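Right, one structure below, let's go through it.
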Protein chains: 2
Amino acid sequence: MNDRLLLLGLLRREEMHGYQLHEFIDRELAFCTDLKKPTAYYLLNKMTSEGWISEETAREGNRPPRKVYSITPAGEAAFQQLLRQNVASFIPSRFPGDVGIAYLDALPPTEALGLLRQRRAQLQLAQEKVSTAPAHRGSLEWIVEHQRRHLAAEADWLDEIIEQLEQGLK
Amino acid sequence: MNDRLLLLGLLRREEMHGYQLHEFIDRELAFCTDLKKPTAYYLLNKMTSEGWISEETAREGNRPPRKVYSITPAGEAAFQQLLRQNVASFIPSRFPGDVGIAYLDALPPTEALGLLRQRRAQLQLAQEKVSTAPAHRGSLEWIVEHQRRHLAAEADWLDEIIEQLEQGLK
DNA sequence: TTCTGATTAGTCAGTTTTGACTATTCAGGA
DNA sequence: TCCTGAATAGTCAAAACTGACTAATCAGAA
């Protein structure tokens with residue numbers, strides 16, 4: 001339902017067509033969701049048939065006609081409800097990367113260390129990307145801050161594992 | 001692929017049937033994945049047809065026969081490969097709860113505060129659950145620690161948002 | 001003007017996931 | 001003994017998701 005909320009929220013600001021929506025999400029909100037293009041269209045169709053948004057075919061210049069979506073009153077109501085639900089609930093995160101940590105003892109310690117250092121390097125890149133990101137305005141800044149803190153915690157934790165492994169080797 | 005890795009890793013320790021696998025994951029590793037039952041069976045079938053595991057029908061007592069899965073040499077090879085891949089890569093997390101934060105300004109500040117406090121309370125519960133969890137042995141302890149740190153970062157962040165909102169109200 | 005690669009806009013078939021259900025066995029009380 | 005609720009062991013149809021593709025337009029180079 002969170003992807004629906006995301007789409008509704010964007011359509012609430014201004015009507016858009018599918019490609020535009022996906023483009024925006026992919027460019028500006030990549031750190032927040034990774035809604036794939038076909039999924040976006042799927043949800044737009046779904047919400048249209050649910051009456052949350054309405055589609056209107058628009059031709060601009062001599063480009064082929066596009067479907068422009070705009071939010072309906074029912075959609076606005078759904079938005080209000082979904083928003084409250086989202087804000088009021090804590091959704092626990094799963095970390096698929098933990099599976100590998102759980103089985104770390106199946107690996108020779110030296111190799112494990114090398115692999116973990118690779119993971120650490122990628123994490124570093126992610127941190128740099130966030131810290132050099134252009135300042136977002138308003139509440140988006142909180143989300144960037146969220147990401148920043150999460151990555152920092154991640155780095156601390158990984159460093160500790162790496163250090164413990166190093167201790168074990170000596 | 002991480003769910004496959006998880007299943008292979010368990011089957012590596014001892015052969016099991018589907019229900020047993022799902023039970024174990026659901027009880028012991030709930031903070032790590034949330035592999036649903038039908039998904040587990042789906043993956044077991046898939047991996048059987050890929051030759052990673054083999055199934056053997058076993059009857060015990062007068063219970064109906066069950067399929068017992070055990071890992072094959074090809075499965076062990078796949079495990080080794082998937083494990084290295086998993087350990088060596090940092091998988092960025094997405095936080096669906098951020099969508100609500102992004103649209104927080106669509107809500108009256110007082111109501112937003114109330115909803116955020118609800119979220120905070122649920123987070124608190126999750127933290128208590130982790131801290132009272134029985135000590136896991138070996139590398140599982142790292143995963144619990146991961147969760148602990150992640151939740152702490154989450155709490156700090158939420159508290160700051162709440163405080164900023166409170167400031168804005170005064 | 002014609003070609004090439006990038007951008008725009010979207011679709012489709014196949015894969016994966018899941019909510020809801022079935023069916024058997026077991027433990028204990030009436 | 002019979003009944004009931006919990007635990008065991010799964011299945012199935014429907015929903016959701018995605019990799020790979022199509023197809024039109026446009027901008028600029030040759």
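Each chain gets a letter, A, B and so on, in the order its sequence line appears, and its residues count up from 1. Since the model is a prediction, treat every value here as computed from it, not as a measurement.
In this entry the distance linking CG of L43(B) with P of dT16(C) reads 8 Å, nearest Å. The distance between atom OH of Y41(B) and atom P of dC12(D), rounded to the nearest whole Å, is 13 Å. Computed from coordinates, the Y42(A) OH to dT16(C) C1' distance equals 13 Å when rounded to whole Å. When the C1' atom of dT16(C) is taken as reference, atom CE of M47(B) falls 14 Å away, rounded to whole Å. One can place CD of Q20(A) at 17 Å from P of dT7(C), the figure rounded to the nearest angstrom. Look at OH on Y19(A): it is 14 Å from C1' on dT11(C), rounded to the nearest Å. Atom CE of M16(B) is separated from atom C1' of dG10(D) by 17 Å (rounded to the nearest Å). In this structure, NZ of K37(B) is placed 6 Å from C1' of dG10(D), rounded to the nearest angstrom.
Taking the six-membered ring for Trp and thresholds of 30 and 60 degrees, F95(A) and H150(A) have nearly parallel ring planes, at less than 30 degrees apart.
Between E154(B) and R149(B) there is no salt bridge, since no side-chain nitrogen of the basic residue lies less than 4.0 Å from a carboxylate oxygen of the acidic one. We find that K37(B) and E23(B) are not joined by a salt bridge, their nearest charged nitrogen and carboxylate oxygen being 4.0 Å or further apart.
Between the side chain of K67(A) and the base of dG10(C), no donor-acceptor pair under 3.5 Å is found.
Using a 4.0 Å heavy-atom criterion, one finds that K46(A) contacts the sugar-phosphate atoms exclusively.
You'll find that the side chain of P38(A) is closest to dC12(C), out of dC12(C), dG10(D), dC17(D). Out of dA20(C), dC17(D), dA9(D), the shortest distance to the side chain of H17(B) is found at dA9(D). Distance from the side chain of T39(A) is smallest to dT18(D) among dT18(D), dT8(C), dT17(C). Candidate nucleotides dA16(D), dA9(C), dG19(D) were compared by shortest atom distance to the side chain of K36(A), and dG19(D) ranks first. The side chain of R4(A) sits closest to dA16(D) out of dT8(C), dA16(D), dG10(D).
Residues L107(B) and L113(B) share a single hydrophobic cluster, defined by chaining ILVMFWY side chains whose heavy atoms lie under 4.5 Å apart.
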>> Run the salt bridge (charged side-chain N to carboxylate O under 4.0 Å, His left out) test on K67(B) and E56(B) for me, step by step, so that the C-alpha distance in whole Å, both residues' side-chain angles and the decisive distance to 0.1 Å come before the verdict.
In response: CA-CA 5 Å; K67(B) 282 178 196 163; E56(B) 204 176 342; over 6 Å; no

